[in-house]
Amino acid sequence: MGLRERKKLEAWRTIRSTALRLIGERGFDAVSVEDIATGAGVSRTTFFSYFASKEAVIFDLDPEERQRWRDILADPRDGQPLWEALTDVALELTQLLAERLPLQKRLFEQSPELCDSSRDTCDGFGPDLEEWVSRRTEDGDPLRTALVLNTAFAAFTTAIEAWDPDDSFEHFQQLVRDCLRWAGAGLAHPVS
């Protein structure tokens, strides 16, 4: 990464961390784009050169998170059954998002309309995960791939809904583990 790219990444992260701090202190609705820009020491125009909206500053992936996500999926997990490997991938994803998930969960509770904004983040992980599951599904069967993905997403969503963000992050990860284990019990030995 060249100097210019490093400076852009530093500015991106400064804006993001300022936004997360301010929103965490005051709540989403009480913080404006101007507040974030001022706190980060940038102009409103600079803010919008990095983020499309105030919602995006919460949900957009860090420019390096996309590569870390691909690295997680690049691990061959040789010999590991699909559902176990998928559980490990989901837990690694939670670690990748650990800094933001508690705040995001609190914001969803305060402003349910933000759930729509978060879908783009999930969409950012979905296609790569679908391809990963498809490679590990017998003959890349699209129906089985869709069933595995939809079941995993439902289990993950259930864990998020059940988690109190004031509880430890380890508790959240245990909820993810449990939900995926329970959901996967019916998928561990699929019927031919």
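Computed over heavy atoms, backbone and side chain alike; hydrogens, waters and symmetry mates excluded. Just so it is clear, the model here is predicted, and its values are computed rather than measured.
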Hphob cluster co-occupancy, V148 + W182, side-chain heavy atoms under 4.5 angstrom
no
Would you say the side chain of L82 lies within less than 4.5 Å of the side chain of W132, judging by non-hydrogen atoms?
yes
D35 vs T38, test: side chain to side chain donor-acceptor pair (under 3.5 Å). Steps then yes/no.
CA-CA 5 Å; D35 294 334; T38 300; over 6 Å; no
Please walk me through it: do R70 and Q67 pass side chain to side chain donor-acceptor pair (under 3.5 Å)?
CA-CA 5 Å; R70 289 189 173 130; Q67 184 56 49; 5.1 Å; no
Ignoring hydrogens and geometry, is there a side-chain-to-backbone donor-acceptor pair from E84 to P81 under 3.5 Å?
no
Does the side-chain contact (heavy atoms from CB on, under 4.5 Å) test come out yes or no for V133 and R144, once each step is laid out?
CA-CA 9 Å; V133 170; R144 287 187 189 191; over 6 Å; no
Working note: Y50 + L9, criterion side-chain contact (heavy atoms from CB on, under 4.5 Å); need CA distance, chi angles, decisive distance, verdict.
CA-CA 10 Å; Y50 288 98; L9 181 57; over 6 Å; no
Heavy atoms only: give me the nearest R135-L73 pair and the separation to one decimal.
NH2-O, 4.0 Å
Separation between CD1 (I15) and CZ (F48), nearest 0.5 Å, reads 10.5 Å
Taking the side chain from R100 and the backbone from I58, do they hold a donor-acceptor pair closer than 3.5 Å?
yes
Restricting to non-hydrogen atoms, name the atom on T14 and the atom on A40 that form the minimum distance, rounded to 0.1 Å.
CG2-O, 3.9 Å
Does any part of the side chain of L86, heavy atoms only, come nearer than 4.5 Å to the side chain of L180, both counted from C-beta?
no
Taking D139 for the side chain and D141 for the main chain, is one N or O donor matched with an acceptor at less than 3.5 Å?
no
Using the rule side chain to side chain contact (heavy atoms under 4.5 Å, CB included), only one of D164, I160, D167 pairs with F172; which is it?
I160
Qualifying side chain to side chain donor-acceptor pair (under 3.5 Å) pairs with a residue from residues 88-98, counting only residues at least two apart or across chains:
R77-E92, Q80-D88, T94-Q173, Q95-Q173
Should the ring pair F169 and W163 be called parallel, tilted or perpendicular, given that the plane angle runs from 0 to 90° and is split at 30 and 60?
perpendicular
Going by salt bridge (Lys or Arg N to Asp or Glu O under 4.0 Å), name the residues that satisfy it together with E25, two or more places apart in sequence or in a different chain.
R21
Hey, what do you get for NZ (K105) to CG (L101), rounding to the nearest 0.5 Å?
10.5 Å
Taken to the nearest 0.5 Å, the spacing of R177 CZ from E170 CD works out to 9.5 Å
What closest approach, in Å, do A183 and T151 show between heavy atoms, and which atom pair accounts for it?
CB-CG2, 3.7 Å
Salt bridge R6-E10, side-chain N to carboxylate O under 4.0 Å:
no
Hey, is R68 close enough to D71 for a salt bridge, meaning N to O under 4.0 Å?
no
Here the pair of heavy atoms bringing T18 nearest to I36 is CG2-O, 3.7 Å
Check against side-chain contact (heavy atoms from CB on, under 4.5 Å), V89 and W69:
CA-CA 9 Å; V89 165; W69 171 241; 3.8 Å; yes
Has T157 got a side-chain atom pairing as donor or acceptor with A154's backbone, closer than 3.5 angstrom?
no
Taking the six-membered ring for Trp, are F153 and F156 closer than 6.0 Å centroid to centroid?
no
Could you check whether any side-chain N or O of T87 sits under 3.5 Å from a backbone N or O of W83, counting only pairs where one atom can act as donor and the other as acceptor?
yes
Please report the closest heavy-atom contact between S53 and F47, naming both atoms and the distance.
O-CZ, 3.7 Å
Drop me the distance from E65's CD to I72's CD1, to the nearest 0.5 angstrom.
9.5 Å
Can you tell whether the side chains of R16 and D60 come within less than 4.0 Å, N to carboxylate O?
no
Looking at every non-hydrogen atom in both residues, tell me the closest pair between P102 and P165 and how far apart they are.
O-CB, 3.6 Å
First locate atom OG of S49, then atom NZ of K8, and finally report the distance between them rounded to the nearest 0.5 Å.
8.0 Å
